[in-house]
Amino acid sequence: GGDYFFSWGELSDPAEYDSFYAPQLRVVEGVVVAVNVVYQRDRVGNGGDDEICMVSSPLSGASAVWSGETIVMSTSGVGYENPRFVTDVETHADFYIYVVAEGEDDTGQDIWFARSTDHGASFETPYQLASLLVTDRYYGKPDIDYGFGGHLHVTWYFYSYTGVVDGSIRYRRASNYAGGGIADWDYWVTMTSSSDGYEDKNPRIEAGADNNNVVIGYSHYTVEAAKAYLDTRVFVSDDAGASFASPVAMANGPFLIGDIAEQPGTGQWMMAGIEGSSTCLYTASVADLGDWSGPICFEDEFRPASAVWEPALAFNPDDGYRPAVLWAYQVVGTPGTDTLYFDADWKNDPGWPNLEPGFPIDVSGGTAPAVADLDQ
């Protein structure tokens, strides 16, 4: 239930000085039951052309037994980064896997896509969903989700390293599980302006499992007189991404967006985010996905003056799909002090270990432990 964690598996560098970055993990329970991990790999001597790789392990063992490494994306002259992936196991037990990533070449940073139809044992040849022809332009931070009716939904953001354009959000949709390659993708859509004086970035996307709803959340801000003015905004579609309503600003939304997810069987959607010094959840009803609650915060807090990462959100299917969140921070200027935090809705239940003030304490001596119920 998240009270204790232990080391179950480790991905070790098979070659000295190789490095792994930007991992994403998903548990998949279909024809194959496994944990899949996709990551960026920097091989020594590859000239900066990082690859995207995937491994998997059965869940049944006391420790991970990793499969051989599958190369998802590897192209001479392209450095791949920041992969994200999703499966369609929620509607197809014999699932496909879909991966997006950034890919930097001599003419800017692009968005790439690849698909596996054999549970990650191999991937079809990757191809670009969006490309740039100017070296100072950047397409980055992609996110992907599978939605009802065989649609794939991808979002990313666009900006210039030199600031000649404002950051803005892009979106693209595929039909037919992207089985026809790039021909199955609609033309990409400019969701927000790149010349309105505002920076839009860090998009996250969620699509309905058994409905045509799609939600894109992103950070919207400007910098004026050294002060950042920021809010969180959401786009909502009720026709599987064919069209979106105008963006809605969330009241008291997070300054850093994490995962957005549909809570199964409840008609409720959730967003994880960082607000102030707290990690929080925000909720919306499927009846109005443009109307989000204020922050519902966990008790754990990250330290002030720290760098934080987008929180991850998951649901416990054995406990009514109640939410849990994982997040991290690093104290600014103090290398090596990264800390991971986990908290969950059920940990506030009566009867969960809630420690009394001053406890636990170390007891000296070697006598046998005992406990008593003192009724005053």
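When reading the values below, keep in mind they use all heavy atoms of this one structure, side chains included, and skip hydrogens, waters and symmetry mates. Only a predicted model underlies this, so the values are computations on that prediction, with no experimental measurement involved.
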Original post:
Where does the angle between the aromatic ring planes of His153 and Tyr171 fall among parallel (under 30°), tilted (30 to 60°) and perpendicular (over 60°)?
Top reply: parallel

Subject >> Beyond-backbone contact of Glu102 with Tyr139, side-chain heavy atoms, under 4.5 angstrom >> reply: no

Subject >> Gly197 backbone acceptor or donor facing Thr222 side chain under 3.5 Å >> reply: yes

Original post:
Below 4.0 angstrom, N of the basic side chain to O of the carboxylate: do Asp345 and Lys347 qualify?
Top reply: no

**OP:** Write down the atom of Gly258, the atom of Arg204, and the distance for their closest heavy-atom approach.
**Re:** O-CG, 3.2 Å

**OP:** Check whether any side-chain heavy atom of Phe123 sits under 4.5 Å from a side-chain heavy atom of Val99, and report yes or no.
**Re:** yes

**OP:** Would you give the length of the straight line joining atom OG of Ser116 to atom CD1 of Ile97, rounded to the nearest 0.5 angstrom?
**Re:** 5.0 Å

**OP:** Establish, from distance only, whether the side-chain atoms of Glu262 and Asn213 form a donor-acceptor pair under 3.5 Å.
**Re:** no

Original post:
With distance as the sole criterion, is a donor-acceptor pair present between the side chains of Ser278 and Glu275 under 3.5 Å?
Top reply: no

Subject >> Separation of Ile260 CD1 from Glu206 CD (nearest 0.5 Å) >> reply: 7.5 Å

Original post:
So, Phe158 versus Tyr138, ring centres under 6.0 angstrom or not?
Top reply: no

Original post:
Are the side chains of Asp110 and Asp105 in touch, meaning some heavy atoms are under 4.5 Å apart?
Top reply: yes

Original post:
Going by atom types only, do His119 and Asp94 share a side-chain donor-acceptor pair under 3.5 Å?
Top reply: yes

**OP:** Report yes if the side chains of Ile274 and Phe255 come closer than 4.5 Å at any heavy-atom pair, otherwise no.
**Re:** yes

Subject >> Pair Ser56-Asn36, side-chain donor/acceptor within less than 3.5 Å >> reply: no

**OP:** Run the ring-centre check on Phe342 versus Trp327 and record whether the distance is less than 6.0 Å.
**Re:** no

**OP:** Check whether the side chains of Glu81 and Gln109 place a donor and an acceptor atom closer than 3.5 Å, and report yes or no.
**Re:** yes

Original post:
Is there side-chain contact between Leu313 and Met270, with heavy atoms separated by less than 4.5 Å?
Top reply: yes

Subject >> Under 3.5 Å: donor-acceptor pair, side chain of Asp239, backbone of Ala242 >> reply: yes

Original post:
Which atom names give the shortest non-hydrogen contact between Gly68 and Val55, and what distance separates them?
Top reply: O-CG1, 4.3 Å

Original post:
Is the shortest heavy-atom distance from the side chain of Asn316 to the side chain of Trp346 under 4.5 Å?
Top reply: yes

Subject >> Closest non-hydrogen atom pair between Thr155 and Ile216, with its separation >> reply: OG1-CG2, 4.1 Å

**OP:** Answer yes if the side chains of Tyr98 and Asp88 hold a donor-acceptor pair under 3.5 Å, and no otherwise.
**Re:** yes

**OP:** Specify whether Tyr157 and Tyr159 have parallel, tilted or perpendicular ring planes, treating 30° as the upper limit for parallel and 60° as the lower limit for perpendicular.
**Re:** parallel

Original post:
Would you find a donor on one side and an acceptor on the other, under 3.5 Å apart, between the side chain of Ser237 and the backbone of Ser243?
Top reply: yes

Subject >> Note, Ile144 side chain near Ile205 side chain (heavy atom, < 4.5 Å) >> reply: no

Subject >> Main-chain N/O of Thr283 paired to Ser293 side chain as donor or acceptor, under 3.5 Å >> reply: yes

Original post:
With sequence neighbours excluded, what pairs up with Cys280 under the disulfide bond (SG atoms under 2.5 Å apart) test?
Top reply: Cys297

**OP:** State, yes or no, whether a side-chain contact exists between Trp8 and Ser57 at a heavy-atom distance under 4.5 Å.
**Re:** yes

**OP:** Start with the C-alpha distance between Trp188 and Arg173, add both sets of side-chain angles, then the distance that settles side-chain contact (heavy atoms from CB on, under 4.5 Å), and finish with yes or no.
**Re:** CA-CA 7 Å; Trp188 58 263; Arg173 181 185 75 158; over 6 Å; no

Original post:
Same hydrophobic cluster for Val189 and Tyr218, using side-chain heavy-atom links shorter than 4.5 Å among ILVMFWY?
Top reply: yes

**OP:** Using the side chain to side chain contact (heavy atoms under 4.5 Å, CB included) rule, pick out the option among Leu256, Ile257, Asn252 that qualifies with Pro254.
**Re:** Ile257

**OP:** Classify the side-chain pair His220/Asp200 by whether it contains a donor and acceptor separated by less than 3.5 Å.
**Re:** yes

Original post:
Is it true that Arg84 and Glu310 make a salt bridge, defined as a side-chain N closer than 4.0 Å to a carboxylate O?
Top reply: no

Original post:
Step by step, would you call Tyr80 with Glu104 a side chain to side chain donor-acceptor pair (under 3.5 Å)?
Top reply: CA-CA 6 Å; Tyr80 292 104; Glu104 184 175 11; over 6 Å; no

Original post:
Among side-chain atoms of Tyr146 and His151, is any donor-acceptor pair under 3.5 angstrom?
Top reply: no

Original post:
Donor-acceptor pair, Asp319 side chain versus Arg322 backbone, under 3.5 Å?
Top reply: no

**OP:** Indicate whether any N or O donor in one side chain lies under 3.5 Å from an N or O acceptor in the other, for Arg170 and Ser168.
**Re:** yes

**OP:** Please report the shortest heavy-atom distance between Asp106 and Thr135, naming the atom on each side.
**Re:** O-CG2, 3.0 Å

Original post:
Charged N to carboxylate O under 4.0 angstrom, Asp259 versus Arg26?
Top reply: no

**OP:** Could you grab the distance from atom CG of Asp145 to atom CG of Asp143, nearest 0.5 Å is fine?
**Re:** 7.5 Å

Original post:
Going through the checks in order, is the side chain to side chain donor-acceptor pair (under 3.5 Å) test met by Asp136 and Thr162?
Top reply: CA-CA 7 Å; Asp136 115 296; Thr162 56; 2.4 Å; yes

**OP:** Please test Tyr177 against His92 for side-chain contact (heavy atoms from CB on, under 4.5 Å), starting from the C-alpha separation and ending with a verdict.
**Re:** CA-CA 11 Å; Tyr177 311 92; His92 300 284; 3.0 Å; yes

**OP:** Kindly work out whether a path of hydrophobic side-chain contacts (I/L/V/M/F/W/Y, heavy atoms less than 4.5 Å apart) joins Ile111 to Ile52.
**Re:** no

**OP:** Search all heavy atoms of Gln40 against all heavy atoms of Asp50 and return the closest pair with its distance.
**Re:** NE2-OD2, 2.8 Å

**OP:** Locate the shortest heavy-atom distance separating Pro323 from Leu281; write the atom from each residue and the value.
**Re:** CG-CD1, 3.6 Å

Original post:
Counting distance only, does the side-chain N/O of Gln24 pair as donor-acceptor with the main-chain N or O of Phe85 below 3.5 Å?
Top reply: yes

